[in-house]
Amino acid sequence: MAKRIKLKSAIKTYSFFDDVFEVAKLIPKGRVTSYGAIAAYLGTKMSARMVGWAMNVAHGDEKIPAHRVVNRIGLLTGKHHFETPNEMQKKLEREKIKIVKDKVVDFERHFWDPAREL
DNA sequence: GGTCTGACCGGCG
DNA sequence: ACGCCGGCCAGAC
């Protein structure tokens with residue numbers, strides 16, 4: 001799936017998806033970020049929706065930690081798109097991130113802002 | 001080939 | 001506080 005997109009982006013001169021993947025791959029273990037933060041870092045903070053769409057296409061690719069991307073308040077909105085709804089939470093908990101009611105505990109503390117860290 | 005739809009976000013009533 | 005709307009852009013139909 002992700003390969004198909006990569007192929008397409010090779011044809012196009014610019015791919016928003018590719019940039020999203022690049023940033024997503026750089027998210028450190030044990031940290032999380034938001035769709036909006038990634039979009040903002042890429043210059044188009046209004047395209048947060050596309051970041052989610054990109055994750056949808058990318059999930060399945062081990063190199064892309066889609067589980068570390070949540071919405072702006074730390075809610076695991078994308079959990080239903082994993083193989084099982086608790087897959088996302090399990091992966092995060094494995095990285096010492098606690099989840100309560102589909103929400104990242106202490107979201108600000110774990111938040112990784114690409115614009116600030118890169 | 002127009003139209004609909006998102007794993008979003010900020011703003012406004 | 002809460003709900004609605006518009007904008008973003010790629011993919012499915």
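For the numbers below, each heavy atom of this structure counts, side chains included, while hydrogens, waters and symmetry mates do not. Owing to the predicted nature of the structure, the values given are computational and were not obtained by experimental measurement. Lettering follows sequence order; numbering is per chain, from 1.
- Using a 4.5 Å heavy-atom cutoff, the side chains of Val104(A) and Ile99(A) are in contact.
- In the region residues 26-36 of chain A, proximity to DNA chain B at under 4.0 angstrom, judged on heavy atoms, holds for Ser34(A), Tyr35(A), Gly36(A).
- Across dC9(C), dA7(B), dC9(B), the shortest atom-to-atom separation from the side chain of Met50(A) is found for dC9(C).
- Taking each heavy atom of Asp102(A) and Lys79(A) in turn, the nearest pair found is OD1-NZ, 2.9 Å.
- Residues meeting the side chain to side chain contact (heavy atoms under 4.5 Å, CB included) test with Lys29(A), sequence neighbours left out: Arg68(A), Glu95(A).
- Atom CZ in Phe21(A) sits roughly 12 Å away from atom P in dA10(C) (whole-Å rounding).
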Can you list, pair by pair, the side-chain donor-acceptor contacts under 3.5 Å of residues 108-118 of chain A, counting residues two or more places apart and other chains?
from, atom 1, to, atom 2, distance (Å)
Arg109(A), NE, Asp106(A), OD2, 3.0
Asp113(A), OD1, Ala115(A), N, 3.2

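- Distance, Leu42(A) CG to dC8(B) P: 17 Å, rounded to whole Å.
- Among the protein residues, Thr77(A) comes within range of the sugar-phosphate backbone only, with heavy atoms under 4.0 Å from sugar or phosphate atoms but none that close to a base.
- Here the P atom of nucleotide dA7(B) and the CD1 atom of Ile64(A) are 18 Å apart, to the nearest Å.
- Taking CG of Leu76(A) as the start and NE2 of His81(A) as the end, the distance is 12.0 Å to the nearest 0.5 Å.
- Using a 4.0 Å heavy-atom cutoff across all strands shown, Ala66(A) reaches at least one base atom of the nucleic acid.
- The distance from atom CG of Asn56(A) to atom P of dG11(C) is 11 Å, rounded to the nearest whole Å.
- With hydrophobic clusters built from ILVMFWY side chains whose heavy atoms lie under 4.5 angstrom apart, Tyr41(A) does not share a cluster with Val32(A).
- Taking atom P on both dC13(C) and dA7(B), the two are 15 Å apart, rounded to the nearest angstrom.
- Summarising the geometry, atom CD1 belonging to Ile64(A) is positioned 10.0 Å from atom CD1 belonging to Ile27(A); distances are rounded to the nearest 0.5 Å.
- Shown here are the side chain to side chain donor-acceptor pair (under 3.5 Å) partners of Ser47(A), two or more places apart in sequence or in another chain: Thr44(A).
- Nucleotide dG7(C) holds its C1' atom 12 Å from the NZ atom of Lys45(A), rounded to whole Å.
- The distance from atom CD of Glu87(A) to atom NE2 of His59(A), rounded to the nearest 0.5 Å, is 10.0 Å.
- Through chains of ILVMFWY side-chain contacts below 4.5 Å, Ile73(A) is grouped with Leu75(A).
- Residues passing the salt bridge (Lys or Arg N to Asp or Glu O under 4.0 Å) test with Glu93(A), sequence neighbours excluded: none.
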Any protein N or O atoms within reach of nucleotides 1-3 of chain C? Criterion: under 3.5 Å, listing atom names and distances.
none

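- Cluster membership for Leu26(A) and Leu42(A), using ILVMFWY side-chain heavy atoms within less than 4.5 angstrom, is shared.
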Note to self: If a pair means Watson-Crick or G-U wobble with both distances below 3.5 Å, what does DNA chain B look like in dot-bracket form, with | marking bases paired to a different strand?
What the structure shows: .|||||.||||||
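- Rounded to an integer number of Å, the gap from Asp19(A) CG to dC9(C) C1' is 14 Å.
- Atom C1' of nucleotide dG10(B) and atom CD1 of Ile73(A) are separated by 14 Å, given to the nearest angstrom.
- Counting side-chain heavy-atom gaps under 4.5 Å among Ile, Leu, Val, Met, Phe, Trp and Tyr, Met46(A) is found in no cluster with other residues.
- Taking atom P in both dC4(B) and dC5(C), one finds a spacing of 15 Å when rounded to whole Å.
- Note: CZ (Phe17(A)) to P (dA7(B)) measures 13 Å, nearest angstrom.
- Within residues 108-118 of chain A, no residue has any heavy atom under 4.0 Å from DNA chain B.
- Rounding to the nearest 0.5 angstrom, the gap separating the CE atom in Met50(A) from the CD1 atom in Ile38(A) is 13.0 Å.
- Annotation: side chain of Phe107(A) is in contact with side chain of Val70(A) (closest heavy-atom distance under 4.5 Å).
- The shortest distance between side-chain heavy atoms of Met55(A) and Tyr35(A) falls below 4.5 Å.
- Nearest to the side-chain atoms of Phe82(A) among the listed nucleotides dC8(C), dA7(B), dC9(B) stands dA7(B).
- Of all the heavy atoms in Ile97(A) and Arg31(A), the pair that sits closest is CD1-N, 4.0 Å.
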Show me the protein contacts with nucleotides 11-13 of chain B, counting only N or O atoms at under 3.5 Å.
none

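- Taking every heavy atom of residues 91-104 of chain A and every atom of DNA chain B, no pair lies under 4.0 Å.
- Closest to the side chain of Arg72(A), from the set dC8(B), dG10(B), dC9(C), is dG10(B).
- Each of dC8(C), dA7(B), dC9(B) was ranked by its minimum atom distance to the side chain of Ala48(A); first place goes to dC9(B).
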